[in-house]
Trainee: 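Handing you this structure, nothing more for now.
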2 protein chains.
Amino acid sequence: MSDRSADMPVVERRRIAAEEVRLPPGFAVEGTAGRILREALRLFAERGFYGASIRDLADACEIRSATLYAHFPTKEHVLAELVRLGHENHHAHIKAAEGAEPVAKLRELVRAHVLAHADYPLLAVVANNELHCLSDEMATPALVLRADGRQRLSDILHEGIAAGVFDLPDPYLAVTAISGMGMRVANWYGPDVPYQPLEIAETYAEFALRIAGVHPDLRPGALRSSTA
Amino acid sequence: MSDRSADMPVVERRRIAAEEVRLPPGFAVEGTAGRILREALRLFAERGFYGASIRDLADACEIRSATLYAHFPTKEHVLAELVRLGHENHHAHIKAAEGAEPVAKLRELVRAHVLAHADYPLLAVVANNELHCLSDEMATPALVLRADGRQRLSDILHEGIAAGVFDLPDPYLAVTAISGMGMRVANWYGPDVPYQPLEIAETYAEFALRIAGVHPDLRPGALRSSTA
DNA sequence: GTCTATAGTTTGATAGAC
DNA sequence: GTCTATCAAACTATAGAC
């Protein structure tokens, strides 16, 4: 694998580089309610919850604003549904990641974490960055899932340290670093970025193993120097 | 250095964990205009540009909303000034980072990058997350600084690869990972986090060296296993 | 520079016909 | 379920007195 910076986009002006509106399979919603969710996903990702009005949303759906209220009781409920979808999708990815021992567990979890952000960037941006617009009550389910995902990463790091296969200065800061670099993928990944989501996920998983201090002999040789 | 997760805060509900309103030295603004900037920094960081109205801002400053227009022509100009301060502060940190060879350069740059986000989290969050609310014209100066910072990191990685001291699969993805993990610090760092900004910066710099594939013998032994 | 007062627009949400 | 019509409140910004 080599650098492709010649093709890399200039620094993005928008909040999110991705454009395609996409909801995970199994979360598809039919009819007008689905249309509303999809257009809200696009608008909230681009402009934020307060930056997109109920009328902007209605115009995008080609309906009157009053019709929205036949499907959702308030604007906040539309956002809450997207935040829920985003966190459940992320958590489903994370939970499905399995590994026999700490190295494999960490690799699979980071792959899943990054893939959720690269495959569904709009959903991830809305779920991560607009959560604070929800009332405490409506935000809680997402916070529970988020705390669980973070705990899983923390557990894997401590397990690997205990087993002697990880060597890192500070597990807490490793959790923040690994989580954070993955979350940002949702902002910069887009159609002009010359990588596939899976490539990014694999490379970030390798970075996470390096942060964890996994000995090179315990990592596959596939991802080494770009000069090779 | 050891884990302090027993003291770590639960997953944050707010957009930003930090609270203290703080502008970098040398960027201090006197009088009412300064007051407006400080309150705007707090409000825009907490709720976003569209989530805080001109009246909210005036109330926080204990002035009438019309008085704001004696100091700034529009609400957008207030944000533009904060975005400018944030990016100039970040860029000043980055530029001041110096090193004789790639390993030292990378360590210093990442330290500076992380410190700018941990020492001025409100400013960093506003500069990073509200930039898209500005018109193209007003956003451009910040984008120029951002592109330059990213280029500096990219240059260091390529230099280290050419010198044979770095060994990493993909410099472009390493730039996104190292930048991203540092940017997120502004969101989670706050008064309840049991670390000092400098500790975070040091540890993240170590993580960056690991991502870059710097041989352990070229890294100082201070930051190794948490079980030591 | 700061105020009172207000213009003109947009906001989220509702009433009631079909 | 979708519409037309509308309400009451909040929005950014301005006019003009002091």
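Just so it is clear: chains get the letters A, B, ... in the order the sequence lines come, proteins before strands, and each one is counted from 1. In this text, all values refer to a predicted model and were calculated from it rather than measured experimentally.
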Trainee: In whole angstroms, how far is the C1' atom of D:dC3 from the NE2 atom of A:His71?
Mentor: 12 Å
Trainee: Nearest whole Å is fine: how far is C:dT2 P from B:Leu57 CG?
Mentor: 13 Å
Trainee: Between A:Glu199 and A:Gln196 (side chain of the first, backbone of the second, donor and acceptor by atom type, cut-off under 3.5 Å), is there such a pair?
Mentor: yes
Trainee: Has B:Thr32 got a side-chain N or O lying under 4.0 Å from the OP1 or OP2 atom of C:dG1?
Mentor: no
Trainee: Counting only heavy atoms and a strict 4.0 angstrom limit, can you tell me which residues of residues 72-80 of chain B come near DNA chain C?
Mentor: none
Trainee: Not counting sequence neighbours, list each pair that qualifies as a salt bridge (Lys or Arg N to Asp or Glu O under 4.0 Å) and has a residue in residues 132-148 of chain B.
Mentor: A:Arg13-B:Asp136, B:Asp148-B:Arg152
Trainee: Could you grab the distance from atom CG of B:Leu85 to atom CD of B:Glu88, nearest 0.5 Å is fine?
Mentor: 7.0 Å
Trainee: About how many Å separate CG of A:Leu209 and CZ of A:Arg107, when rounded to the nearest 0.5 Å?
Mentor: 5.0 Å
Trainee: Taking NZ, NE, NH1 and NH2 as the nitrogens, is one of them in A:Arg47 or A:Asp56 under 4.0 Å from a carboxylate oxygen of the other?
Mentor: yes
Trainee: Go through C:dT14, D:dT2, C:dG1 for me and flag the one nearest to the A:Tyr69 side chain.
Mentor: C:dT14
Trainee: Identify the pairs formed between an N or O of the protein and an N or O of nucleotides 4-10 of chain C at a distance under 3.5 Å, and give each distance.
Mentor:
residue, atom, partner, partner atom, Å
C:dT4, OP2, B:Arg64, NE, 3.2

Trainee: Please enumerate all residues that pass salt bridge (Lys or Arg N to Asp or Glu O under 4.0 Å) together with A:Arg15, with sequence neighbours excluded.
Mentor: A:Glu130
Trainee: Tell me: CD1 of A:Ile36 to P of C:dG12, nearest whole Å?
Mentor: 14 Å
Trainee: Using a 4.0 Å heavy-atom cut-off, does B:Leu68 contact any base of the nucleic acid, only the sugar-phosphate backbone, or nothing at all?
Mentor: nothing
Trainee: Quick one: list whatever passes salt bridge (Lys or Arg N to Asp or Glu O under 4.0 Å) with A:Lys75, sequence neighbours left out.
Mentor: none
Trainee: Which atom pairs, one a donor and one an acceptor, fall under 3.5 Å between side chains of residues 30-40 of chain B and the rest of the protein, sequence neighbours left out?
Mentor:
residue, atom, partner, partner atom, Å
B:Arg35, NH1, B:Cys61, O, 3.4
B:Arg35, NH2, B:Ala60, O, 3.4
B:Glu39, OE1, B:Arg42, NE, 3.2
B:Glu39, OE1, B:Arg42, NH2, 2.9

